[in-house]
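Read the structure below first, then the notes.
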Amino acid sequence: MSRRPPRGEYIETDTGNKVARKATLVGTQNIMLGGKTVIMPEAMIRGDLVRTLQPSPSSSGAPPNNTAVAIGRYCFLSRGCCLRPPGRLYKGLFTYMPLRLGDHVFVGPGSVVQAATVGNYVHIGAKVAIGEFAIIKDYVRILDDTVVPPNMVIPSFSIVAGQPARVIGEVPEGGHEAFELRELYKTVGNNPQPAPV
Amino acid sequence: MAPPFTPYTFIQCPCSDSSTFNRRSPPSTPTTHHFHSDNDDNDDDDDEHPFDPRAPRSNYSLFPLEYLLYCEDCHQIRCPRCVAEEIVTYYCPSCLFEVPSSNLKSEGNRCTRSCFQCPVCIGPLSVTSLESHPDPNLIPAPDNTSAAPHGGPYILICSHCAWSSTEVGIQFDKPNSIHAQLAKLRNGGNPRMTAKERKERRKDLAQSLGSSYSAASGSGYPSHFADELDLDLDLETQFSNLKLFYQSQLANANPGGGASGGSASGSGGAFGDLGFTSPTSLSRILNIYTSTSSQDKKAKSRIGTMREALDRDEGLKIANLDESEAIAKLHAEDHAGTVSTSQLLNQTPQLHLGEPHLHGRSRFASELRPIPYLLRTKRSKRCPICRHIISKPEAKVLTTRFRIRLVAGSYIPSITIRPLSLPNASTPDPSALRPSKPAQFVLTFKNPIFEPVKITLATPALTPGRFPSKVTVLCPQFDIDANTDVWDEALKDGDKRRKKGESMDSATGGNNGGQHQHQPAAGKIWERGRNWVSIVVEVVPASLRKPMPVVLKEDEDLLEIPMFVRIEWETDAMGDEVGAVLGKDRDLPKLKRELAYWCVLGLGRVSDQ
């Protein structure tokens, strides 16, 4: 963080997203960014893994929803992490399902996220693997090197660690503010500001 | 290698000191208390007792700031150990369904839907159809195949370790309400009676046996009943049989008392069932313990009328001492077929499930059962002294809001520590503390409240313990500006200059010129911002080999500084008087408040060179 990146390392969008030029975004038309999201170099988002089956043909008027990865505001995707939509057999056919990230989600370096839903204010540590169709609710802290098994549901205010993951503690009442990523957002980009005291 | 050390600040909750705990007003100074005196050897005569972070008791009173709450009525810090918790909601952590507390009594503290954990790796189990590709040659199922494409038997499968319930021979007919289905299944697929069925069955048996019992003239049950019963005599049945038997024995032993005991058991609670409410049975029990000689012939003879269970219906179960089967199985299955201690501990208490107890039996993986998820709670917290609620979450499971959340972090300043790295100093690794080499740390105090606060710090000159390090707080007294609103920040330049001028005049001193060039000096603030102040602490770590090399105890190389923090601020008397809101512009009498507490600064580990 202390290293000042060379100028123009990030593409800054109108909605405040800071996307590193060295990030690997596949299928960008299927990736929705909520704004103020930081995508560090070497991060990967697999937007190409879009669902092959539409949920119901009844809503014929609406255009098909092709979002593969939806990301909320103030998310932070660290170096070398990967967001990958989960896939499974549905009615005998294999299809991917969208991956949704809420607001203020931190994904640590080297982590792979294949969750169905990640809530708001979630901190995912470094080298974490989140299995397919896991559901992570709000205010969850996943410690480094955790392996969250597929289909696991992690309730709000959990601290999770281990292989396989288990809830090892509860986020204390005073720890909610630590999930805020507004300040972290300001510290990266083309003209980063020093972290406040 | 150990992970890099991150400095920490732990704050002591006043509940650990009984002299200050019951006081509503904050303590002005730490007072000597006799139970603390054993923690301290060198300055017993001193009034000001330094807090020893190494004392065994300290483990239970030190908390990071995030874990602490604050009672607005007592004006005191409250920790997780001293608050009184009340359960707001019970819910399953897997399906996130709320469980009413009435269900809890009848159905236990586990999820009774379809949420299970793997008995091998505790990962979540998911329900899958055993026949993922239905054979087209088979006759199509009569149900709607589009709605349920996978018919047939269902199993629980762990997606982490690939354990499946087929390994213990369990399959389900329906994909929902697995808990109820599992309660009727033994490992291996044999049916198991539920408690209700067992009760009905006993009633039936008693009726049918009423005639056959006399016909068989006390020789036991007819053989076909015996076989069935042997299978069903699991722990739960055995216990209920035994209970029934001894109740009847008590009633028979003293018919006079038995009647009253019987009526008491009808109306009374759990003890009533055992006949404890009956005075005769009580005196009988007491007699067992008191009478060594035959003082009370009558009571003695009464005991003699009790007999033990004789058959299965009375709860007798002959212990199976023949373990050759288990040994043979162990030979066949090897170590991999046995369960580990943690797996065994994760199993639900077998009494609840009514399974054969694992105790005293071979412990094989084939006897593991899926673990229903333990319910989780949302809890509100009360101040232990004034009983006011200081934290209350919304009752709904899916909301994360709090109705009340009085956290200490919004009342007392946060303290962050970082090693001081001067541009001209060439310290290769500032986090490594070298013996007898002065090291400087920057402590940053951030004020969360909307009034300016005055902070006074005190540390012992030498840290407690066998290896006392020298500690000097360069600026032990300073003011921090109020935590103004964000839009005030725009005006901060002029405001701050004015404030700084004030603080320059005051005795605390201030320094705002050349923030990055200056040297740490005594009595000077290192850096200052809108609502924060940084000061410098200098430590001279002790040599761990002085006077001679010794064996270090755990964490003795850790440099921890006990620090007494005293905060003073003035507040409008708004919180106490309702009408005070109107007089905002007028000069209200300002209420002076203070809060004082011990905290511990963990600075780093002293290297052993």
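No hydrogens, no waters, no symmetry mates; every other heavy atom, side chains included, goes into these values. Letters A, B, ... mirror the listed sequences (proteins, then strands); counts begin at 1.
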Relative to chain A, which of [options] shows the most heavy atom pairs under 4.5 Å?
| options | value |
| --- | --- |
| B:Cys121, B:Ser159, B:Gly123 | B:Ser159 |
| B:Ser126, B:Pro393, B:Ala408, B:Ser94 | B:Ser94 |
| B:Val397, B:Leu65, B:Val407 | B:Val407 |

Most contact-rich option vs chain B, by heavy-atom pairs under 4.5 angstrom, among A:Gly119, A:Pro155, A:Pro149, is A:Pro155
Segment of [X] engaging chain A (4.5 angstrom heavy-atom cut-off):
| X | value |
| --- | --- |
| B:Leu406 | neither |
| B:Leu69 | side chain |
| B:Thr400 | both |

Going through the checks in order, is the salt bridge (Lys or Arg N to Asp or Glu O under 4.0 Å) test met by B:Arg379 and B:Glu85? CA-CA 6 Å; B:Arg379 299 176 306 280; B:Glu85 291 190 340; 2.9 Å; yes
Does a sphere of radius 6.0 Å around NZ in A:Lys137 hold more than 12 heavy atoms from other residues, nucleotides or ligands, not counting ones at 6.0 Å or beyond? no
request  = Give a yes or no on whether A:Arg21 atom CZ has more than 12 heavy-atom contacts from other residues, nucleotides or ligands under 6.0 Å away.
outcome  = yes
Chain B contact via [X] - which portion, at a heavy-atom distance below 4.5 Å:
| X | result |
| --- | --- |
| A:Val148 | neither |
| A:Glu132 | neither |
| A:Ala165 | backbone |

Heavy-atom side-chain proximity of A:Tyr74 to A:Phe76 below 4.5 angstrom
no
**Side-chain ion pair, A:Glu173 and B:Lys381, N-O less than 4.0 Å** = yes
Basic-acidic side-chain contact under 4.0 Å: B:Arg403, B:Glu394: yes
Exercise for the section: Measure up the A:Phe157 and A:Tyr139 rings against each other and bin them: parallel (under 30°), tilted (30 to 60°), perpendicular (over 60°). Expected result: parallel
